[in-house]
> 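Have a look at this one before I ask anything.
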Amino acid sequence: MTQEIEIEFKNILTEEEFVKLYEHLSFDSEELIEQTNYYFETEDFKLRQLGSALRIRRKKDQWTLTLKQPHEEGLLETHDNLTEDEVNQWMLNRPRSTTYVQNQLQEAGIDIAELQYMGSLMTRRKEKEYKGTTVVLDQSFYFEQNDYELELEAAEYESGKKVFEELLAEQHIPKRKTDNKIKRFFNAKPQSD
């Protein structure tokens with residue numbers, strides 16, 4: 001499948017809250033997943049203006065180009081798999097044509113030739129099935145930043161929201177307005193002279 005609706009709930013955590021959730025949910029036995037996101041944007045931030053984001057994610061030896069766009073129930077994600085050579089061209093600001101993402105960009109009025117590589121964010125992740133959802137604990141590194149985050153992915157909005165809010169309440173973790181990773185990345189990105 002090249003498109004999916006992503007329904008997720010996020011909460012930035014302190015290191016202490018991260019450790020508390022890690023222990024409470026018994027994440028010890030879960031595999032540690034390391035992934036790196038490489039972010040792209042136009043010089044005049046057209047994607048951000050549309051509420052969208054574009055990344056290439058490296059997870060194990062797989063490279064996936066993903067465009068995230070606003071959707072009434074979450075985010076519409078459009079994916080294309082890339083080869084390492086194609087990724088290298090993207091990183092050199094010579095984006096290669098893709099089957100699905102490029103069509104979505106064109107519909108949004110963005111030419112892939114306008115896209116520029118902006119930098120990367122590395123995440124150490126643990127995932128676990130929990131009450132019909134997937135709970136994710138992330139520690140992310142970008143520029144001089146290091147942050148902790150709880151994500152809860154659900155198939156349906158209302159049931160996901162309920163599980164998310166109950167988990168925060170039972171662990172006495174305040175619900176915080178949490179920007180997505182790409183927004184945190186761009187907020188931390190040093191300004192060019």
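Residue numbers start at 1 and run along the sequence shown.
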> Under the 3.5 angstrom rule, does the side chain of Gln171 hit a backbone N or O of Leu167 as a donor-acceptor pair?
no
> Looking only at heavy atoms, which two atoms of Gln139 and Phe18 are closest? And how far apart?
N-CE1, 4.4 Å
> Test question: given the 4.5 Å side-chain rule for I, L, V, M, F, W and Y, name all other residues clustered with Phe185, or answer none.
Tyr39, Phe45, Met118, Leu121, Tyr142, Phe143, Ile182, Phe186
> Within the structure provided, determine whether Leu137 and Leu25 are in side-chain contact (heavy-atom separation under 4.5 Å).
no
> Once you round to the nearest 0.5 Å, how far does CG of Asp138 lie from NZ of Lys10?
7.5 Å
> Is a side-chain donor or acceptor of Lys128 paired with a backbone partner of Phe27 at a separation under 3.5 angstrom?
no
> Between Arg94 and Gln89, do the side chains contain an N or O donor and an N or O acceptor separated by less than 3.5 Å?
yes
> List the atom of Ser52, the atom of Pro70, and the distance in Å for their closest heavy-atom pair.
OG-CD, 3.7 Å
> Give, for atom OG1 of Thr36 and atom CE of Met122, the distance between the pair rounded to the nearest 0.5 Å.
6.0 Å
> Would you call Lys175 and Glu165 a salt bridge, taking side-chain N to carboxylate O under 4.0 Å as the test?
yes
> State, yes or no, whether a side-chain contact exists between Thr64 and Lys59 at a heavy-atom distance under 4.5 Å.
no
> Out of Arg124, Lys60, Arg58, which residue meets the side chain to side chain donor-acceptor pair (under 3.5 Å) rule with Glu34?
Arg124
> Name all pairs fulfilling the salt bridge (Lys or Arg N to Asp or Glu O under 4.0 Å) condition that reach into residues 74-85, sequence neighbours left out, sorted by first residue then second.
Lys68-Glu77
> With Thr134 as reference, evaluate Glu129, Glu127, Glu8 under the side chain to side chain donor-acceptor pair (under 3.5 Å) test and give the passing residue.
Glu129
> Hey, are the side chains of Thr99 and Thr2 touching, using non-hydrogen atoms and a 4.5 Å cut-off?
no
> Salt bridge (charged side-chain N to carboxylate O under 4.0 Å, His left out) with Asp147: which residues, sequence neighbours excluded?
Arg184
> Which heavy-atom pair separates Gln69 from Ala108 by the least distance, and what is that distance?
NE2-CB, 4.4 Å
> Please report the closest heavy-atom contact between Glu149 and Leu13, naming both atoms and the distance.
C-CD1, 3.8 Å
> Do NZ/NE/NH1/NH2 and the carboxylate oxygens of Lys177 and Asp179 come within less than 4.0 Å?
yes
> Restricting to non-hydrogen atoms, name the atom on Pro174 and the atom on Glu17 that form the minimum distance, rounded to 0.1 Å.
CD-OE2, 3.5 Å
> Is it true that a side-chain atom of Lys126 and a backbone atom of Tyr22 form a donor plus acceptor pair closer than 3.5 Å?
no
> Passes salt bridge (charged side-chain N to carboxylate O under 4.0 Å, His left out), Lys181 versus Glu151? Steps please.
CA-CA 11 Å; Lys181 285 180 181 66; Glu151 288 186 7; 2.8 Å; yes
> Does OH belonging to Tyr100 count more than 12 external heavy atoms closer than 6.0 Å?
no
> When you measure from the side chain of Arg176 to the backbone N and O of Ile12, does any donor-acceptor pair fall under 3.5 Å?
yes
> Hydrophobic cluster mates of Leu105, side-chain heavy atoms under 4.5 angstrom, ILVMFWY only, any path?
Tyr38, Phe40, Leu47, Leu50, Leu54, Ile56, Trp63, Leu65, Leu67, Leu82, Val87, Trp90, Met91, Val101, Ile110, Ile112, Leu115, Tyr117
> With clusters built from Ile, Leu, Val, Met, Phe, Trp and Tyr whose side-chain heavy atoms come within less than 4.5 Å, directly or transitively, what are the remaining members of the cluster of Leu75, listed by chain and number?
none
> Each residue besides Val136 in its hydrophobic cluster should be listed here, by chain and number; the cluster joins Ile, Leu, Val, Met, Phe, Trp and Tyr at side-chain heavy-atom distances under 4.5 Å.
none
> Given side chains that start at C-beta, do those of Leu168 and Leu150 come closer than 4.5 Å, heavy atoms only?
yes
> How many angstroms lie between atom OG1 of Thr98 and atom CZ of Arg96, to the nearest 0.5 angstrom?
12.5 Å
> Look at Glu166 together with Lys162 and state whether they make a salt bridge at an N to O cut-off of under 4.0 Å.
yes
> If you count every heavy atom of other residues, nucleotides or ligands that lies below 6.0 Å from Glu170 atom CD, does the total exceed 12?
yes
> Go through the steps for Thr133 and Glu153 under the test side-chain hydrogen bond (donor to acceptor under 3.5 Å, both in side chains), then give the verdict.
CA-CA 6 Å; Thr133 69; Glu153 300 169 359; over 6 Å; no
